[in-house]
Participant: 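Encoded as structure tokens, here's the structure I'll be asking about.
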Amino acid sequence: MTSHNAGEKGSGIMRIGILGTGSMATALGGAWVRAGHQVLVGGRNAAAAARAAARTGAAGHGGLAEAAAYGEAVLMAVPADSAPRLARELAPVLAGRTVLDCTVPMAAGPDGPSPTTAGGTDSVAARISAAAPDAGVAKVFGICHESIWTLPRPAFEGAPLAVPFCAGTPAAAALTGELIVSMGCSPLPCGGLSRAALLESAAVLAVGVWWSGGEVRHVFPSPALAPGAVDDGP
């Protein structure tokens with residue numbers, strides 16, 4: 001494992017371990033390095049972890065257990081069907097930490113991609129929480145394509161990118177919101193983990209729209225933009 005330095009207590013600098021070496025791992029890892037955080041990339045393959053760490057400018061690389069033990073936040077950037085199993089394997093290490101779940105559980109079908117979860121409140125995030133019950137879990141960062149996270153301080157139409165998330169504990173919600181703000185984005189709390197399935201389904205829907213050549217951003221105009229519109233409230 002390469003060497004790394006500890007973050008400063010109370011400085012706003014977070015130590016974040018990344019589980020995975022793919023495109024989401026490197027895109028989000030790079031965004032966090034730009035925001036001043038300290039990142040360690042972990043993978044089952046040492047060479048892949050080293051390459052991912054080099055692409056992100058991470059403080060170091062190592063195995064999955066080393067990345068899970070690195071800091072207060074741990075990104076789960078592995079295939080969705082592997083995430084709960086990995087969480088169970090690392091449960092003792094993940095205890096007391098916030099697990100950031102960016103996975104999108106989907107499979108291709110004749111009508112487009114569909115969620116691979118069971119429906120209702122079932123989600124990968126809920127399964128991770130059940131597998132590692134002493135960790136705080138947040139479903140976050142899965143709505144946007146990984147390319148968005150390569151942008152410095154993403155903003156569109158004059159407004160910072162809103163990042164929806166669902167968190168299982170107040171501590172996980174607070175850490176997730178702080179991390180989002182540090183990236184130049186706006187936190188958008190969407191409830192507890194019972195609602196994480198909605199974010200996963202929204203991500204699957206968005207992928208299907210993009211694959212069909214459509215633009216998801218055209219679907220949700222603000223009601224305030226309609227002439228004479230009155231906000232009906234919740």
Participant: What are the two closest non-hydrogen atoms of Ala49 and Gly62, and how far apart are they?
Facilitator: CB-O, 3.9 Å
Participant: Closest approach of Leu100 and Ala73, non-hydrogen atoms and distance?
Facilitator: CD1-CB, 4.2 Å
Participant: Taking the side chain as C-beta and beyond, is there a heavy-atom pair between Leu19 and Leu90 under 4.5 Å?
Facilitator: yes
Participant: Give, for atom SG of Cys166 and atom CG of Leu199, the distance between the pair rounded to the nearest 0.5 Å.
Facilitator: 4.0 Å
Participant: Give, for atom CE of Met76 and atom CD1 of Ile18, the distance between the pair rounded to the nearest 0.5 Å.
Facilitator: 12.5 Å
Participant: Kindly indicate whether the side chain of Cys144, heavy atoms from C-beta on, has any atom under 4.5 Å from the side chain of Leu161.
Facilitator: yes
Participant: Got a second to check how far Arg153's CZ is from Leu151's CG, nearest 0.5 Å?
Facilitator: 12.5 Å
Participant: Report yes if the side chains of Tyr70 and Arg97 come closer than 4.5 Å at any heavy-atom pair, otherwise no.
Facilitator: no
Participant: So how far is it from Cys185 SG to Ile180 CD1, rounded to the nearest 0.5 Å?
Facilitator: 7.5 Å
Participant: Specify the closest pair of heavy atoms between Pro105 and Glu200, including all atoms of both residues, with the distance to one decimal.
Facilitator: CG-OE1, 3.3 Å
Participant: I need the minimum non-hydrogen distance between Val204 and Pro113, along with the two atoms involved.
Facilitator: CG1-O, 3.5 Å
Participant: Taking all non-hydrogen atoms of both residues into account, name the closest pair between Trp149 and Arg34 and its distance.
Facilitator: O-NH2, 2.9 Å
Participant: Are the side chain of Ser182 and the backbone N or O of Leu179 linked by a donor-acceptor pair below 3.5 Å?
Facilitator: yes
Participant: Decide yes or no for Leu75 and Trp32: does some side-chain heavy atom of the first lie under 4.5 Å from some side-chain heavy atom of the second?
Facilitator: yes
Participant: Would the distance check show the side chain of Asp101 and the main-chain N or O of Ala125 forming a donor-acceptor pair, the cut-off being under 3.5 Å?
Facilitator: yes
Participant: Between His37 (side chain only) and Met14 (backbone N and O only), is there a donor and an acceptor less than 3.5 Å apart?
Facilitator: yes
Participant: Are Val163 and Ile148 connected into the same hydrophobic cluster when the rule is that any two of I, L, V, M, F, W, Y join if their side-chain heavy atoms are below 4.5 Å apart?
Facilitator: yes
Participant: On a heavy-atom basis, which atom in Ala87 and which in Ile128 lie closest, and how many Å separate them?
Facilitator: CB-CG2, 3.9 Å
Participant: Is the side chain of Ser201 donor-acceptor paired with the backbone N or O of Ala197 at a distance under 3.5 Å, no angle test?
Facilitator: yes
Participant: Do Gln38 side-chain atoms and Ile16 backbone N/O form a donor-acceptor pair below 3.5 Å?
Facilitator: no
Participant: Among Val124, Thr169, Leu193, which one satisfies side-chain contact (heavy atoms from CB on, under 4.5 Å) with Val137?
Facilitator: Leu193
Participant: Quick one: are Asn45 and Thr21 in side-chain contact, heavy atoms under 4.5 Å?
Facilitator: no
Participant: Once you round to the nearest 0.5 Å, how far does CD of Glu146 lie from OG of Ser23?
Facilitator: 3.5 Å
Participant: Report the residues that fulfil side-chain contact (heavy atoms from CB on, under 4.5 Å) with Ala203, sequence neighbours left out, ordered by chain and then residue number.
Facilitator: Val104, Ile143
Participant: When you measure from the side chain of Arg88 to the backbone N and O of Ala131, does any donor-acceptor pair fall under 3.5 Å?
Facilitator: no
Participant: State plainly whether one hydrophobic cluster holds both Val74 and Leu40, where clusters connect Ile, Leu, Val, Met, Phe, Trp and Tyr through side-chain heavy atoms under 4.5 angstrom apart.
Facilitator: no
Participant: For the pair Glu66 and Arg44, find out whether any cationic side-chain nitrogen is under 4.0 Å from an anionic carboxylate oxygen.
Facilitator: no
Participant: How would you list all residue pairs meeting side chain to side chain donor-acceptor pair (under 3.5 Å) that involve residues 111-125, not counting sequence neighbours?
Facilitator: Asp122-Arg127
Participant: Hydrophobic clustering (ILVMFWY, side-chain heavy atoms < 4.5 Å, transitive) - are Val181 and Val140 grouped together?
Facilitator: no
Participant: Is there a side-chain contact between Asp134 and Leu94 (heavy atoms, below 4.5 Å)?
Facilitator: no
Participant: Do His61 and Arg51 touch side chain to side chain, with heavy atoms closer than 4.5 Å?
Facilitator: no
Participant: Kindly indicate whether the side chain of Val209, heavy atoms from C-beta on, has any atom under 4.5 Å from the side chain of Glu215.
Facilitator: no
Participant: Within this structure, what is the SG-CZ distance for the pair Cys102 and Phe165, rounded to the nearest 0.5 Å?
Facilitator: 15.5 Å
Participant: Applying side-chain contact (heavy atoms from CB on, under 4.5 Å) to Leu175 and Glu178, what does each step give before you reach the verdict?
Facilitator: CA-CA 5 Å; Leu175 183 147; Glu178 182 182 348; 5.6 Å; no
Participant: Taking Thr26's backbone N and O only, do any of them form a donor-acceptor pair with Arg55's side chain (distance below 3.5 Å, no angle check)?
Facilitator: no
Participant: Closer than 3.5 angstrom, by distance alone: can the side chain of Lys139 be matched with the main-chain N or O of Thr103 as a donor-acceptor pair?
Facilitator: yes
